[in-house]
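Below: one structure, written as structure tokens.
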Amino acid sequence: MYALCMINSKSANNARTAQQQVQVQQQSQQAQQAAQQQSTQAQQAAQQSQALATQNQARADQSRQGKRRRHEPENEASQCIQPDFGGLYGGMKNTCNFKVWYTYCGYRPKENSWLAGMNCEKQKFGSDSVGPGRTSAAHTHNVEMLYWIACKEPAWTVDTEFVPGQGIQGRCHTVGGN
């Protein structure tokens, strides 16, 4: 009778182990499916952002018909801007010895954050200027990534768009110039 109990107990343990293995396999399959679904959604979001950027460029090109479109590389100043993530909402520091105009956006800002209105994926941007060696108040918190483009005054950033995988694209152009 003792040997029979051992066999039954062993059979029950084997059945439990088999059930646990099936559960682990099911959980693994569910995790793989969820990861694949997230990857597909991310690809779709990137494609939508790219299509929106292309549409924005087409509209800009159409409204600019007949006008010159010129970039002033000598006025590029993105290297001058250093995000400040401290304080209540952060800021942008100008490390150069001249005034800079910058445009920025937050990639995947947290819901209800101040950067939700400057969402890169929605082609929404904020702009400001900052004097030499100074810091201007700018929302830099609660975001996955912060992107910016900057130009040396008197140039401003124009034709700005967010391109997934590349960041903010645009050009420096002297307002009132060519």
Side-chain angles (χ1 to χ4, degrees), residues 38-39 41-178:
Q38 287 176 343
S39 174
Q41 289 172 344
Q43 288 173 351
Q44 289 172 343
Q47 289 171 348
Q48 288 173 345
S49 292
Q50 184 64 44
L52 183 59
T54 301
Q55 286 175 338
N56 288 343
Q57 186 62 52
R59 278 194 299 264
D61 290 343
Q62 186 177 12
S63 69
R64 190 184 300 107
Q65 284 180 343
K67 297 177 186 173
R68 279 188 9 193
R69 187 175 153 187
R70 192 172 139 248
H71 174 59
E72 301 164 3
E74 67 276 11
N75 287 325
E76 291 178 4
S78 294
Q79 76 282 358
C80 295
I81 295 296
Q82 185 177 52
D84 175 6
F85 297 102
L88 180 60
Y89 45 80
M92 296 293 233
K93 181 176 182 169
N94 180 358
T95 61
C96 291
N97 62 358
F98 48 82
K99 187 175 182 177
V100 171
W101 285 91
Y102 64 90
T103 298
Y104 73 112
C105 64
Y107 180 71
R108 298 201 173 148
K110 290 185 181 175
E111 195 173 318
N112 298 323
S113 79
W114 287 330
L115 270 171
M118 293 173 263
N119 186 331
C120 296
E121 294 175 296
K122 294 182 179 179
Q123 302 296 327
K124 304 285 185 185
F125 306 97
S127 293
D128 202 355
S129 65
V130 60
R134 304 210 51 169
T135 300
S136 69
H139 303 297
T140 59
H141 293 184
N142 298 317
V143 66
E144 193 171 303
M145 184 74 72
L146 192 68
Y147 290 98
W148 67 90
I149 183 173
C151 301
K152 179 180 179 180
E153 190 178 60
W156 289 3
T157 59
V158 294
D159 297 329
T160 306
E161 65 179 332
F162 174 75
V163 179
Q166 297 179 25
I168 292 183
Q169 304 291 310
R171 60 188 180 96
C172 294
H173 179 73
T174 300
V175 177
N178 291 327

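Values below: every heavy atom of this structure, side chains too, minus hydrogens, waters and symmetry copies.
Thr174 is listed as a side-chain neighbour of Glu72, based on a closest heavy-atom distance under 4.5 Å. Looking at heavy atoms from C-beta onward, Thr95 lies in side-chain contact with Gln82 at the 4.5 angstrom threshold.
Of the possible donor and acceptor atoms, one in the side chain of Ser78 sits under 3.5 Å from a partner among the backbone N and O of Ala150. For the pair Gln123 (side chain) and Phe162 (backbone), a donor-acceptor distance under 3.5 Å is present. Judged purely by atom type and a 3.5 angstrom limit, Asn142 has no side-chain atom pairing as donor or acceptor with the backbone of Lys110. The backbone N or O of Ala155 lies less than 3.5 Å from no partner atom in the side chain of Trp101, so there is not a single donor-acceptor pair. Thr157 contributes no side-chain N or O that, together with a main-chain N or O of Cys172, makes up a donor-acceptor pair within less than 3.5 Å. Without hydrogens or angle criteria, Asn75 side chain to Cys151 main chain gives no donor-acceptor distance under 3.5 Å.
Distance CD/Glu161 to CD/Gln50: 7.5 Å, rounded to 0.5 Å. Rounding to the nearest 0.5 Å gives a distance of 6.5 Å between CD1 of Ile81 and OH of Tyr102. Expressed to the nearest 0.5 Å, how far NZ of Lys122 lies from SG of Cys105 amounts to 12.5 Å.
Scanning both residues, Pro83 and Leu146, for their nearest heavy atoms gives CB-CD2, 3.8 Å. Of all heavy-atom pairs between Thr103 and Phe125, the closest is CG2-CB, 3.6 Å.
Between Arg171 and Asp159, at least one side-chain nitrogen of the basic residue sits less than 4.0 Å from a carboxylate oxygen of the acidic one, meeting the salt-bridge criterion.
Between Ser129 and Glu153, the side chains place no donor N or O within less than 3.5 Å of an acceptor N or O (distance only, hydrogens not considered).
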Apply the test side chain to side chain contact (heavy atoms under 4.5 Å, CB included) to residues Met145 and Arg108: give CA-CA distance (whole Å), side-chain angles for both, the deciding distance (0.1 Å), then the verdict. CA-CA 7 Å; Met145 184 74 72; Arg108 298 201 173 148; over 6 Å; no

Step by step, would you call Val163 with Tyr147 a side chain to side chain contact (heavy atoms under 4.5 Å, CB included)? CA-CA 11 Å; Val163 179; Tyr147 290 98; over 6 Å; no

